[in-house]
Amino acid sequence: MFFGAETDELRALAAETDQIGDLVTQTRAFLVGLIDVMPTIWVGDDATQFTTSIAQTHAPALQATAGRLATAANEMRTSANRQDQTSNN
């Protein structure tokens with residue numbers, strides 16, 4: 001016996017995953033933009049450490065997370081399409 005997902009729900013989950021990925025991308029862009037204005041509002045060793053942490057750790061991690069979310073959403077849509085094709089044959 002074979003069990004599959006509800007394809008409409010799988011596509012809805014993919015759309016939600018895309019939205020979350022967009023939010024992660026926007027958050028990354030905000031943080032990277034913050035690095036540009038940071039020297040005008042905060043100076044010193046703590047500021048440097050903070051901006052370095054964003055640039056070297058957090059921004060890349062957010063970018064990777066957004067990429068993984070996009071991949072997962074695409075895989076969900078592909079799976080839904082394949083299940084629909086199988087069901088229609």
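Values below: all heavy atoms of this structure, side chains included; hydrogens, waters and symmetry mates excluded.
- Across all non-hydrogen atoms, the minimal contact from T48 to T51 is O-OG1, 3.1 Å.
- Cluster annotation: L10 is not connected to I20 through the hydrophobic network of ILVMFWY side chains, with a link wherever side-chain heavy atoms come within less than 4.5 Å.
- Counting only residues at least two apart or on different chains, the side chain to side chain donor-acceptor pair (under 3.5 Å) pairs with a member in residues 6-20 are T7-D84, R11-N81, R11-D84, D18-R77.
- One distance of note links CE of M76 with OG1 of T71; it measures 10.0 Å at 0.5 Å rounding.
- Screening residues 27-48 for ring pair (Phe, Tyr, Trp, His ring centres under 6.0 Å) gives W42-F50 as the qualifying pairs, with residues at least two apart or on separate chains.
- Criterion: ILVMFWY side-chain heavy atoms under 4.5 Å apart, direct or through other members. Under it, M38 and V43 are not part of a common hydrophobic cluster.
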Would you tabulate the side-chain donor-acceptor contacts of residues 57-69 under 3.5 Å, counting partners in other chains and residues two or more places apart, or write 'none'?
unit_1: H58; atom_1: NE2; unit_2: S53; atom_2: OG; d: 3.1
unit_1: T65; atom_1: OG1; unit_2: A61; atom_2: O; d: 2.9
unit_1: T65; atom_1: OG1; unit_2: R68; atom_2: NH2; d: 3.3

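- No side-chain donor-acceptor contact under 3.5 Å links S79 to the backbone of E75.
- Follow the hydrophobic side-chain contacts under 4.5 Å out from L34 and you reach V24 in the same cluster.
- In this structure, D36 CG and L31 CG are separated by 11.5 Å, a value rounded to the nearest 0.5 Å.
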